[in-house]
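Here the structure is laid out as structure tokens; the discussion comes afterwards.
In what follows, every heavy atom counts, from backbone to side chain, and hydrogens, waters and symmetry copies are set aside. Numbering starts at 1 and runs along the sequence shown. In each ligand, atom 1 is the first atom listed, and ligand 1 is the first ligand listed.
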Amino acid sequence: MHYVVCMKQVPDTTEVKIDPETNTLVREGVPAIINPYDIHALEAALQLKDKYGGKVTVITMGPSMALEALKKAIGYGADEAILLSDRAFAGADTLATSYVLAKTIEKLQKEEGVDLVLCGKQAIDGDTAQVGPGIAARMNLPQLTYVMEIVELDQEKRTIKVYRKVQNGKELAQTKLPALLTVVKDINELRYASLDNLIRAARYQCAILDKNKLEVDESKLGLKGSPTMVRNIFAPPERGGGEIIPGGEENPEEAVKTLVEKLVPLEVIPNA
Ligand SMILES: Cc1cc2nc3c(=O)[nH]c(=O)nc-3n(C[C@H](O)[C@H](O)[C@H](O)COP(=O)(O)OP(=O)(O)OC[C@H]3O[C@@H](n4cnc5c(N)ncnc54)[C@H](O)[C@@H]3O)c2cc1C
């Protein structure tokens, strides 16, 4: 079994600031972390490897500083790590990002086979949750999103059964392999890196692939291949304290009537 985990290095959002002049993220001096959902995707792959055997490869598209995230993944127990880095990839939107990741997974599929691709539910900086489904669509893979538990992987029948997190509960779903999963944090508890793996990580040389090592159409890369236009980025205004309707405890019926009179004109509830 070959599990490929897509991992993104993101700015630590507790410290993200927006430049009010340019409306762009201030990245200088902001510590970078592994996207939290992606560590759970890695843990899910490692648990599958522990149970069913196989190999875990982690891939990330980003600048050379993302090597740090890949080394951490090796420290957790990943077998291989690949950095996708090229000036031509810069400025990629989700369409161009999923294109490069899909092309890389296709290359791995041709060379050694890929059984399962695992992504986080979303990245905590871009927050679109589009890249996982984008990879699946490009590779024509079945996708199971918001996975909160892997119930079973049947290597003979080549199927995977999972629970997906849905509103007010969970849904049991099964699909054929190869497939792509996006995972939520509830899927597992993270392990500690072992000393052996940390030593291996310190010595590990990540493979670095640029556009020439992938079979890519250059017009689909980076800013050139990104139809998304960011017109404005802004911090939403802080919410006010809202309005308190007095008298709820003494006269709830009257308070509800006042509330309904306020909500109907706002079209929050229909006029009965
Ligand atoms: C016009 C434009 C220009 C941009 N320029 C840049 C830029 O120069 N630099 C930049 O960092 N961002 C840039 N972005 C942001 C970029 O589009 C997103 O960061 C990226 O496409 C991923 O989208 P997301 O963060 O919403 O990820 P999501 O779709 O929320 O991520 C879901 C999952 O996909 C996987 N994933 C996402 N991104 C990666 C990745 N890079 N490598 C491996 N796995 C991944 C992870 O498993 C993640 O949990 C730009 C966006 C636009 C619209």
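Near Ala92, with a cut-off below 4.0 Å to any heavy atom, the atoms of ligand 1 are 4 (C), 5 (N), 6 (C), 13 (C), 14 (N), 15 (C), 16 (C), 17 (O), 50 (C), 51 (C). Listed by number with element, the atoms of ligand 1 under 4.0 angstrom from any heavy atom of Ile59 are 43 (C). Atoms of ligand 1 lying under 4.0 Å from any heavy atom of Thr228, numbered from 1 in the order shown and given with element: 1 (C), 53 (C). Near Thr60, with a cut-off below 4.0 Å to any heavy atom, the atoms of ligand 1 are 42 (N), 43 (C). Per-residue contacts place Asp125 under 4.0 angstrom from the following atoms of ligand 1 (heavy atoms of the residue considered): 25 (O). Taking every heavy atom of Gly126 and a limit of under 4.0 angstrom, the matching atoms of ligand 1 come to 24 (P), 25 (O), 26 (O). When each atom of ligand 1 is checked for a heavy atom of Cys119 under 4.0 Å away, the hits are 47 (O). For ligand 1, the atoms closer than 4.0 angstrom to any heavy atom of Ala129 are 28 (P), 29 (O), 30 (O).
Asp154 places no side-chain N or O within donor-acceptor distance of the main-chain N or O of Thr159, the cut-off being under 3.5 Å. Between the Asp79 side chain and the Val56 main chain, a donor and an acceptor come within less than 3.5 Å of each other. A donor-acceptor pair is defined here as one N or O able to donate and one able to accept, closer than 3.5 Å; no such pair exists between the side chain of Asp210 and the backbone of Asp86. Checking side-chain atoms of Asn35 against main-chain N and O of Gln122 turns up a donor-acceptor pair under 3.5 Å. The closest donor-acceptor contact from the side chain of His2 to the backbone of Asp115 lies at 3.5 Å or more, if one exists at all.
Counting heavy atoms under 4.0 Å from ligand 1, residue Cys6 touches it through both backbone and side chain. Counting heavy atoms closer than 4.0 Å to ligand 1, residue Thr97 contributes side-chain atoms (C-beta onward) but none from N, CA, C or O. Contact annotation: for Met7 versus ligand 1, heavy atoms closer than 4.0 Å belong to the backbone alone. At a 4.0 Å heavy-atom cut-off, ligand 1 touches Asp38 through the side chain alone.
For Asn140, the CG atom is loosely surrounded, since the number of other residues' heavy atoms within 6.0 Å does not exceed 12. Around CZ of Arg158, the count of heavy atoms belonging to other residues, nucleotides or ligands within 6.0 Å exceeds 12.
Here CD of Gln47 is found 11.0 Å from OH of Tyr52. Values are rounded to the nearest 0.5 Å. Lys8 NZ to Ile33 CD1: the interatomic distance, rounded to the nearest 0.5 Å, is 11.5 Å.
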Determine, stepwise, if the pair Asn188 / Val183 fulfils side-chain contact (heavy atoms from CB on, under 4.5 Å).
-> CA-CA 10 Å; Asn188 49 40; Val183 311; over 6 Å; no
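Ligand 1 lies nowhere less than 4.0 angstrom from a heavy atom belonging to Gly62. Between Ala41 and ligand 1 there is no heavy-atom distance shorter than 4.0 Å. Not a single heavy atom of Thr182 sits closer than 4.0 Å to an atom of ligand 1.
Residue Gly120 has at least one N or O atom closer than 3.5 Å to an N or O atom of ligand 1. Looking at ligand 1, you'll find an N or O of Lys8 within less than 3.5 Å of one of its N or O atoms. For the pair Gly91 and ligand 1, the shortest N or O to N or O distance falls below 3.5 Å. Looking at Ala123 next to ligand 1, an N or O pair under 3.5 Å apart turns up. For a threshold of 3.5 Å applied to N or O pairs, the pair formed by Met61 and ligand 1 contains at least one separation below that value.
Figure legend: Lys165 and Tyr146 shown without cation-pi pairing, the cationic atom not lying both under 6.0 angstrom from the six-membered ring centre and within 45 degrees of its axis. A cation-pi contact links Lys185 to Tyr37, judged by a cut-off of 6.0 Å to the six-membered ring centre and 45° from its axis.
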